[in-house]
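Working notes, beginning with the structure itself.
These figures come from a predicted structure and were not determined experimentally.
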Number of protein chains: 2
Amino acid sequence: MAYRKTPAEIARLDAARERLVSCATEVVADVGWSQASVSAVADAAGIAAGSVYQHFPSKAALAVEVFRRAAGRELEVIGEVLHAPGEPVERLSRAVEVFARRALENRGLAYALLAAPAEPAVGAERLEFRRRYRALWAEAVREGMATGRLPEQNAEISAAALTGAIGEVLVDPLGAPEESAVGDLIAVLTTTALRCVGAPRD
Amino acid sequence: MAYRKTPAEIARLDAARERLVSCATEVVADVGWSQASVSAVADAAGIAAGSVYQHFPSKAALAVEVFRRAAGRELEVIGEVLHAPGEPVERLSRAVEVFARRALENRGLAYALLAAPAEPAVGAERLEFRRRYRALWAEAVREGMATGRLPEQNAEISAAALTGAIGEVLVDPLGAPEESAVGDLIAVLTTTALRCVGAPRD
DNA sequence: GAAAGGAGTGAACCATCATTCAGAACTTCC
DNA sequence: GGAAGTTCTGAATGATGGTTCACTCCTTTC
């Protein structure tokens with residue numbers, strides 16, 4: 001046996017894979033899933049098309065990885081905001097704000113994650129992440145009901161409504177290249193979201 | 001000139017086109033846009049693949065027609081409910097209910113119209129119809145504000161939130177083949193939708 | 001330095017469909 | 001009936017884009 005991967009070599013391969021994923025993410029954010037061909041992604045990463053298959057068994061697998069990484073980051077951030085100490089309604093409000101701000105700061109990626117047409121494997125992943133978002137929102141809504149700050153309601157349905165409402169309100173601005181009043185939009189969206197779960201009007 | 005289309009012939013061609021559109025709609029409702037190939041649709045209509053091009057210049061044109069017909073019907077129904085006489089909030093509530101009931105009665109089609117992956121031309125049409133739904137909801141919300149039954153709010157944003165909330169709440173049940181408590185779901189969804197626009201709790 | 005084997009290349013391959021087209025079948029009209 | 005024109009057919013065509021593979025290049029080990 002005259003060959004065994006040395007640690008440095010393993011690190012180099014990992015780095016290459018990492019670089020591929022991050023370049024692919026950029027391409028997707030720029031041109032969308034449908035235009036992100038294997039060769040476009042490979043070009044962006046500075047490797048040959050065939051080399052993609054050194055790291056992933058198929059284009060779909062790479063796409064899923066890209067989605068999971070990016071969506072996972074966002075979900076984690078929102079989870080942290082929702083699990084921070086403080087009033088449930090306050091945390092909910094902050095989470096909506098953070099979600100919207102991050103989406104509007106990275107529109108291409110946000111659009112790709114939220115709404116852009118994608119192959120079935122990515123679509124399935126999207127459903128899964130929506131489920132997780134719903135679980136997070138639902139938890140917060142239940143806490144709000146427990147502390148009496150939110151009226152009795154079906155937390156699961158409210159969470160779904162929240163997810164849909166936030167997404168739909170953002171989709172239009174995400175398409176436009178430069179929206180005028182981002183701050184206003186975020187404020188109105190937050191108010192609207194709170195109204196959806198029946199938070200008392202201030 | 002030894003040939004001119006006779007009225008009967010014109011009627012036959014129109015009927016064939018009609019049949020093609022309706023068969024294509026069924027196929028799309030059954031298997032989704034991505035699986036609705038030209039030959040699958042032609043088979044369903046009992047004609048050859050090539051004959052599709054007698055009626056439509058491209059597959060995309062046929063798909064757009066299918067979408068427009070089906071989505072147009074729904075939009076019209078909702079428009080009628082929202083423009084019927086009565087209290088704005090009452091009409092809004094009824095419209096949400098009708099929308100949900102119709103979607104749940106025709107799940108495959110509803111899913112295709114609302115959420116299923118589709119080619120860009122259909123995606124564009126979907127955006128257009130969402131815009132029209134938003135306009136309808138926004139009008140009702142404005143009327144509600146005018147009569148003092150709804151609190152002051154940005155009607156456009158609320159309408160977008162409503163559209164998103166309703167869609168997202170329905171998407172899951174639309175995927176499941178047989179949901180248990182359709183009536184309950186519709187009732188909860190209606191309540192949630194009204195809460196989103198700040199209707200007074202009853 | 002040289003053998004052994006993995007990594008990288010990119011042109012060729014292949015599957016999938018939308019689309020076309022030459023001819024068959026049918027309609028109209030004299 | 002037959003000429004002229006139209007609709008219909010379905011196999012061939014063509015475009016796209018993911019995947020493979022024979023080959024070159026590089027790294028490891030002795």
Exercise. State whether the side chain of B/T25 and the backbone N or O of B/V21 hold a donor-acceptor pair below 3.5 Å, judged by distance alone.
Key: yes
Quiz item: Counting distance only, does the side-chain N/O of B/R19 pair as donor-acceptor with the main-chain N or O of B/A45 below 3.5 Å?
Solution: yes
Quiz item: Roughly how many Å is it from CD1 in B/I10 to P in C/dT28, rounded to a whole number?
Solution: 11 Å
Self-check item: Proximity to the side chain of A/Q54 - top-ranked nucleotide from D/dC8, C/dG8, C/dG10
Solution: C/dG8
Exercise. Go through the structure and list residues passing ring pair (Phe, Tyr, Trp, His ring centres under 6.0 Å) with A/Y133, not counting sequence neighbours.
Key: A/F99
Quiz prompt | 5′-ward residue of the pair B/E9/B/S37 relative to DNA chain C | solution = B/S37
Quiz item: For B/A112 and B/R126, which heavy atoms make the closest approach, and how far apart are they?
Solution: O-NH2, 2.7 Å
Self-check item: Distance test, side-chain N/O of B/R12 to OP1/OP2 of C/dT28, below 4.0 Å
Solution: no
Quiz item: Which of residues 17-36 of chain A sit near DNA chain D, with a heavy atom under 4.0 Å from it?
Solution: none
Quiz item: How close or far is atom C1' of C/dT16 from atom NZ of B/K59, stated in whole angstroms?
Solution: 11 Å
Self-check item: Sidechain-backbone polar pair: A/R101 side chain, A/G183 backbone, donor-acceptor under 3.5 Å
Solution: no
Quiz item: Please give, in whole Å, the distance from C/dA18 P to B/L62 CG?
Solution: 11 Å
Quiz item: Between C/dA7, C/dT20, D/dC8, which nucleotide gets closest to the side-chain atoms of B/L13?
Solution: D/dC8
Quiz item: Just how far, in rounded Å, is P of D/dC8 from CD1 of B/I47?
Solution: 8 Å
Practice problem: Consider the side chain of B/T6, meaning its heavy atoms from C-beta on, and name the nucleotide among C/dT28, C/dT19, D/dT9 that approaches it most closely. | Solution: C/dT28
Quiz item: Can you check side chain to side chain donor-acceptor pair (under 3.5 Å) on B/Q153 and B/S158, steps first, answer last?
Solution: CA-CA 7 Å; B/Q153 60 196 285; B/S158 293; 2.6 Å; yes
Quiz prompt | Interatomic distance where NE2 belongs to A/H55 and P belongs to D/dT19 [whole Å] | solution = 15 Å
Quiz prompt | Listed nucleotide nearest any side-chain atom of B/Y53, set D/dT20, D/dT9, C/dT19 | solution = C/dT19
Quiz item: In terms of side-chain heavy atoms of B/A48, which of C/dT19, D/dT9, D/dG18 is nearest?
Solution: D/dT9
Self-check item: Shortest non-hydrogen contact between A/A40 and A/V27, atoms and distance
Solution: O-CG2, 4.4 Å
